[in-house]
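To find a chain, count down the sequence lines: A is the first, B the second, and so on, and within it residues start at 1. Hydrogens, waters and symmetry mates are skipped; everything else that's a heavy atom, side chains included, is used. Please read all numbers here as calculations on a predicted model, not as lab measurements.
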Protein chains: 2
Amino acid sequence: MADIDSESGRSTPRKRADARRNEATLLDAAAAAFVISGVDAPVRDIAARAGVGVGTIYRHFPTRADLIVAVYRHQVEACAQAGPTLLADSSTPHAALAQWINLFVDFLVTKHGLAEALQSDNAAFETLHAYFLDRLVPVCAQLLDAAAAAGEIRTDVTAFELLRGVGNLCIGAGAPRYDARRMVELLVAGLRHHRGGGPR
Amino acid sequence: MADIDSESGRSTPRKRADARRNEATLLDAAAAAFVISGVDAPVRDIAARAGVGVGTIYRHFPTRADLIVAVYRHQVEACAQAGPTLLADSSTPHAALAQWINLFVDFLVTKHGLAEALQSDNAAFETLHAYFLDRLVPVCAQLLDAAAAAGEIRTDVTAFELLRGVGNLCIGAGAPRYDARRMVELLVAGLRHHRGGGPR
DNA sequence: TTGGCAAACGGAACGCTGTTCCGTATCGTT
DNA sequence: AACGATACGGAACAGCGTTCCGTTTGCCAA
């Protein structure tokens with residue numbers, strides 16, 4: 001068996017044991033707090049839940065975005081990796097795109113406040129923005145290009161724009177009479193070419 | 001010449017002169033502050049701009065929603081009243097719907113932070129929610145029904161849902177690479193029946 | 001014109017946020 | 001065991017919305 005240490009790179013000289021323990025505890029506490037109060041859960045709540053001081057949070061996660069990214073990184077990775085798989089397994093690129101967007105929507109609507117945070121222009125969420133975009137835009141672009149190459153959709157919509165639109169539609173999901181999934185379905189439908197076009 | 005007093009109803013015994021003056025001043029100040037800082041402009045900023053104390057704001061507008069509604073009431077009314085007009089003047093109900101939604105979008109994207117506030121689940125915005133819904137949902141429903149009766153669109157989308165979706169898409173309008181109008185156009189396009197259905 | 005009272009005002013004060021900072025405690029090594 | 005570096009805790013600060021009450025101001029009646 002190789003090194004126990006998960007940080008096998010040599011650049012960082014390995015953190016103290018209590019630091020690593022606290023980081024893990026904080027991730028759990030934050031995940032729990034996010035479920036209850038959304039991703040805007042007060043810093044003090046998270047700290048109390050983890051049994052640490054607020055300073056410890058800021059030491060490990062300088063901005064709220066860092067904490068959010070750390071909590072959801074695994075799920076975002078899974079979503080990103082599902083893209084190529086879907087493209088290979090689906091009957092048409094457009095079907096793959098629709099399925100992949102469904103995955104993304106399922107992820108978003110179950111994270112209270114995340115969609116809101118994603119569109120926030122608050123500087124504290126810049127990292128969050130960047131991470132989601134870096135990770136998901138290329139995947140979406142690949143699906144979009146494939147569908148465009150197959151002539152299934154219009155070509156004047158960018159992956160960035162589509163993801164942002166989908167993210168926006170997920171804001172407030174869970175409200176009584178609003179079904180974010182249905183609206184996203186409409187948006188994706190609008191992406192298709194209209195057979196026969198509009199009024200002549 | 002009739003009564004100078006704009007409040008000709010007898011139910012309210014007519015406010016003091018300074019109170020009416022301050023209310024008008026506050027509306028101007030709030031409108032100006034909203035342009036600069038969005039509808040979340042700090043209460044103290046608005047108060048300072050109007051040259052009054054913060055207490056005066058809360059006396060006239062108990063919640064932020066009351067202030068926002070007061071500032072934008074005229075424009076919302078205009079939008080609501082444009083609905084029937086468009087329906088009468090347009091070639092098809094769907095065209096009228098599209099034009100009306102464009103009006104709504106134009107209004108939203110020029111009010112920094114308003115779309116965000118509209119979807120906020122914060123209790124302070126309940127009145128805002130209620131006002132927009134009361135005023136615009138019936139108008140949208142009329143256009144939607146007309147388009148549905150003409151067989152132009154699918155019938156499983158409610159006016160409430162559509163307005164909410166459009167409002168959501170307007171969040172973050174003004175961001176560099178995101179065109180809210182285009183996304184709304186996509187959504188409205190998705191509303192139409194697909195000629196010929198899916199891939200053969 | 002003036003007296004008085006209800007209406008309205010101003011801003012200090014409170015509570016809740018995020019964020020910073022430094023004295024103290026702990027870990028790992030020598 | 002001792003020491004230095006690392007990490008911790010939480011008090012303290014700043015910015016926000018909101019409340020509250022002593023003071024001022026407008027209005028009307030005498």
Side-chain angles (χ1 to χ4, degrees), chain A residues 3-5 7 11-27 29-30 33-34 36-68 113 116-117 120-128, chain B residues 3-5 7 11-27 29-30 33-34 36-68 113 116-117 120-128:
Chain A
D3 56 358
I4 294 293
D5 185 8
E7 192 74 45
S11 56
T12 39
R14 171 129 157 267
K15 287 193 295 194
R16 253 169 58 173
D18 55 346
R20 275 186 296 162
R21 209 179 327 127
N22 274 331
E23 185 165 327
T25 306
L26 270 173
L27 278 180
F34 287 174
I36 305 297
S37 316
V39 298
D40 295 312
V43 181
R44 275 175 254 263
D45 284 5
I46 302 173
R49 210 179 267 269
V52 304
V54 290
T56 301
I57 293 193
Y58 283 97
R59 198 166 310 106
H60 288 284
F61 307 100
T63 73
R64 174 157 237 113
D66 295 318
L67 183 55
I68 298 175
E116 287 85 339
S120 164
D121 54 357
N122 188 323
F125 292 113
E126 215 170 315
T127 309
L128 186 67
Chain B
D3 56 358
I4 295 291
D5 185 8
E7 191 72 44
S11 56
T12 39
R14 171 129 154 267
K15 286 192 295 195
R16 253 169 56 172
D18 56 344
R20 273 185 298 160
R21 208 179 329 126
N22 274 332
E23 186 164 327
T25 306
L26 270 173
L27 278 180
F34 288 176
I36 305 296
S37 317
V39 298
D40 296 312
V43 181
R44 275 175 253 261
D45 284 5
I46 302 174
R49 210 179 266 270
V52 304
V54 291
T56 302
I57 293 193
Y58 284 97
R59 199 166 310 107
H60 288 283
F61 307 100
T63 74
R64 173 158 237 111
D66 296 317
L67 184 55
I68 299 176
E116 288 84 340
S120 164
D121 53 357
N122 188 325
F125 292 113
E126 214 170 317
T127 309
L128 186 68

Shortest side-chain distance from Ala19(B), nucleotide among dC9(C), dG18(C), dC27(C): dC9(C)
dC9(C) OP1/OP2 closer than 4.0 Å to side-chain N/O of His60(B): yes
Separation of atom NZ in Lys15(B) from atom P in dC28(D), rounded to whole Å: 16 Å
Between P of dC9(C) and CD1 of Ile46(B), the distance in whole Å: 16 Å
Proximity to the side chain of Arg59(B) - top-ranked nucleotide from dT18(D), dA8(C), dC8(D): dA8(C)
Shortest side-chain distance from Arg16(B), nucleotide among dT25(D), dC9(C), dA11(D): dT25(D)
Separation of dG17(D) C1' from Arg64(B) CZ (nearest whole Å): 9 Å
Whichever of Pro42(B) and Glu23(A) has its nearest DNA chain D nucleotide further upstream toward 5': Glu23(A)
Student check: side-chain heavy atoms of Leu67(B) and Phe34(B) closer than 4.5 Å: yes
Whole-Å distance separating the CG atom of Asn122(A) from the P atom of dG15(D): 16 Å
Side chains of Val43(A) and Arg64(A) in contact at under 4.5 Å (non-hydrogen atoms): yes
Between P of dA7(D) and CZ of Phe61(A), the distance in whole Å: 13 Å
Side-chain N or O of Asn22(A) closer than 4.0 Å to phosphate OP1/OP2 of dA7(D): no
Between C1' of dA7(C) and CZ of Arg20(B), the distance in whole Å: 13 Å
Comparing Arg21(B) and Asp40(B) on DNA chain D - which has the more 5′ nearest nucleotide: Asp40(B)
Sugar-phosphate, base or nothing in reach of Arg44(A), heavy atoms under 4.0 Å: base
Nucleotide nearest Asp18(A) (side chain, heavy atoms from C-beta), chosen from dG26(D), dC8(D), dT20(C): dC8(D)
Distance (rounded to the nearest 0.5 Å) between Lys15(B) NZ and Arg20(B) CZ: 8.5 Å
Between OG1 on residue Thr63(B) and CG on residue Leu128(B), distance to nearest 0.5 Å: 8.5 Å
Glu126(B) side, atom CD; Asp121(B) side, atom CG - distance, nearest 0.5 Å: 10.5 Å
Rounded interatomic separation in angstrom, taking CD1 from Ile57(A) and C1' from dT20(C): 14 Å
Whole-Å gap separating P (dG18(C)) and OH (Tyr58(A)): 6 Å
